> 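Dropping the structure in here first, questions after.
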2 protein chains.
Amino acid sequence: MVNNENTEIKIIEAAKEVFVHKGFEGARMQEIADTAGINKALLHYYFRSKSKLFDKVFHSVFADLVAKLYKTVGISNTIEEFIESFVSLYFEELKSKPYIPQFVLHEINRDPSVIVNLIKSSGLDKQKIIALIHKESQREDIKQFDPVQVMVTVISMTIFPFVASGILVGFIFDGDQASFDNFIDERKQHILEFVNAAIFKK
Amino acid sequence: MVNNENTEIKIIEAAKEVFVHKGFEGARMQEIADTAGINKALLHYYFRSKSKLFDKVFHSVFADLVAKLYKTVGISNTIEEFIESFVSLYFEELKSKPYIPQFVLHEINRDPSVIVNLIKSSGLDKQKIIALIHKESQREDIKQFDPVQVMVTVISMTIFPFVASGILVGFIFDGDQASFDNFIDERKQHILEFVNAAIFKK
DNA sequence: AAATGGTTTAACCAAATAGTTAAAATAAAT
DNA sequence: ATTTATTTTAACTATTTGGTTAAACCATTT
């Protein structure tokens with residue numbers, strides 16, 4: 001008895017921490033055990049193999065992202081609302097967890113087959129998003145851009161700076177982390193203004 | 001005698017192939033040797049360790065990107081020219097080497113210290129870019145956006161779809177690679193139109 | 001043809017690492 | 001108190017993998 005549920009959570013959290021920063025190949029079971037404050041044997045007692053543990057972690061991270069995306073759609077009736085809440089949500093998330101997108105993208109790249117099942121089991125109703133985007137793209141006051149292109153643009157503008165933080169800090173901000181943080185603070189507002197300037201007529 | 005120069009090129013090419021797809025941790029010296037059509041001993045004979053080989057490969061990939069970026073700046077006198085040639089250049093590059101950005105970003109993330117030296121030795125004169133961007137941001141016909149934000153936006157819009165191709169194919173294009181390819185074909189034009197719509201007054 | 005120096009091979013070594021086992025310890029439930 | 005499930009310890013195995021060694025090979029030079 002003693003713990004069990006608590007321990008499982010502790011392990012998942014520790015595994016998330018290590019996998020997210022080091023990736024599947026770079027992560028060590030010993031380091032996960034140390035981070036969780038337990039030993040390796042117990043780690044294998046709970047999750048039989050590294051792969052199984054990784055799958056749990058990746059699924060939880062991914063499901064989390066999708067759940068939040070879904071929440072965003074639910075409350076949006078216009079394209080402005082959608083963009084505003086999407087960008088706000090992701091900035092809030094990524095400021096405290098900036099390593100998540102790089103992790104997800106790298107692991108999907110490593111084994112693209114996992115994503116198929118993940119999307120199936122994600123329960124995300126894409127139709128709702130498509131319907132909203134399509135409806136809004138018909139508006140008189142909005143330029144006739146391809147809605148998919150615009151959607152990818154909003155996602156790119158939001159997520160890329162986090163994925164590329166290393167290169168941006170080194171290349172553009174001369175290694176000055178504070179300048180980069182300041183850039184990120186202003187980024188959200190910039191995205192909203194920039195996208196509005198692009199898609200609205202007049 | 002015999003070969004040597006040819007063999008070295010063969011190894012670098014093979015190493016690039018494997019490192020780019022698997023990352024440093026995921027790459028295996030044996031696989032690099034196999035890909036190069038030689039054996040592991042010869043691999044170590046040419047490049048003493050995995051790290052040394054990786055450094056060579058990474059440096060060459062990175063230097064290549066920087067060189068092309070530099071070329072872009074050289075021929076640009078206006079912001080329109082800069083954006084046009086930047087986007088064109090990267091689309092041309094990335095269509096045949098779509099894995100490069102994910103690779104670079106992942107490795108910089110894994111060991112951010114490498115980028116400092118790389119940038120030093122890259123010979124990129126950032127001042128030229130800054131001068132151009134700053135000069136152009138003063139133009140009467142252009143909205144007063146923060147030029148750094150705009151620059152990051154152009155980079156994000158261009159590169160992110162390649163970094164996130166796996167998730168975009170799975171999530172947005174339902175696993176249909178052809179739809180994604182089509183999306184990429186239209187992406188360049190979209191970026192140019194979208195950015196122009198955003199930054200020009202009236 | 002003999003010497004030279006780069007090239008190739010196969011067998012090998014050492015370290016790291018995922019995973020196992022079995023026994024002891026601990027704490028809660030009965 | 002006994003049982004039961006969880007946790008710890010520590011030693012161990014098997015495999016992978018980066019790296020080494022030494023001998024053989026081959027092309028060119030002398």
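As the structure is a prediction and not an experimental result, all values here were calculated from the model.
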> Got a sec: does the CZ of Arg48(B) have more than 12 other heavy atoms crowding it under 6.0 Å?
no
> So, does Tyr45(B) get its side chain near the phosphate of dT8(C), meaning an N or O under 4.0 Å from OP1 or OP2?
no
> Classify the nucleic acid contact of Ala33(A) as base, sugar-phosphate or nothing, counting any heavy atom under 4.0 Å across all strands shown.
nothing
> For a quick test of reading the model, state the closest non-hydrogen atom pair linking Glu25(A) to Lys50(A) and the distance between them.
O-NZ, 4.0 Å
> What is the distance from CZ of Phe54(B) to P of dG18(D), rounded to the nearest Å?
13 Å
> In this structure, how many angstroms lie between the C1' atom of dA18(C) and the CG atom of Leu42(A), rounded?
16 Å
> Report yes if the distance between the aromatic ring centroids of Phe103(A) and Phe19(A) is under 6.0 Å, otherwise no.
no
> Look at Arg28(B) and dG18(D) and indicate whether a side-chain polar atom (N or O) is within less than 4.0 Å of OP1 or OP2.
yes
> Which residue lies toward the 5' end of DNA chain C, Ile38(B) or Ala27(A), if each is placed at its nearest nucleotide?
Ile38(B)
> Please give, in whole Å, the distance from dT7(C) C1' to Ile11(B) CD1?
11 Å
> Report the distance from atom CD of Glu8(A) to atom P of dT7(D), rounded to the nearest whole Å.
10 Å
> Rounded to the Å, how far apart are Lys10(B) NZ and dT7(C) P?
10 Å
> Atom NZ of Lys50(A) to atom C1' of dT17(C): distance rounded to whole Å?
8 Å
> Do any side-chain nitrogens or oxygens of Asn39(B) fall under 4.0 Å of OP1 or OP2 in dT8(C)?
no
> Ignoring hydrogens and geometry beyond distance, is a side-chain donor-acceptor pair present between Ser88(A) and Glu84(A) at under 3.5 Å?
yes
> For Tyr46(B) and dT8(C), what is the distance between atoms OH and C1' respectively, to the nearest whole Å?
10 Å
> Write down the distance between CG (Leu43(A)) and P (dT20(C)), rounded to a whole number of angstrom.
12 Å
> Would you say a side-chain N or O of Thr7(A) is under 4.0 Å from OP1 or OP2 of dT6(D)?
no
> Hey, what's the ring geometry for Phe183(B) with Phe173(B), parallel, tilted or perpendicular (30° and 60° as the breaks)?
tilted
> Which listed nucleotide (dA18(C), dT8(C), dT9(D)) is nearest to the side chain of Lys40(A)?
dA18(C)
> Picking from dG19(C), dA10(D), dA10(C), which would you name as closest to the side chain of Ala41(A)?
dA10(D)
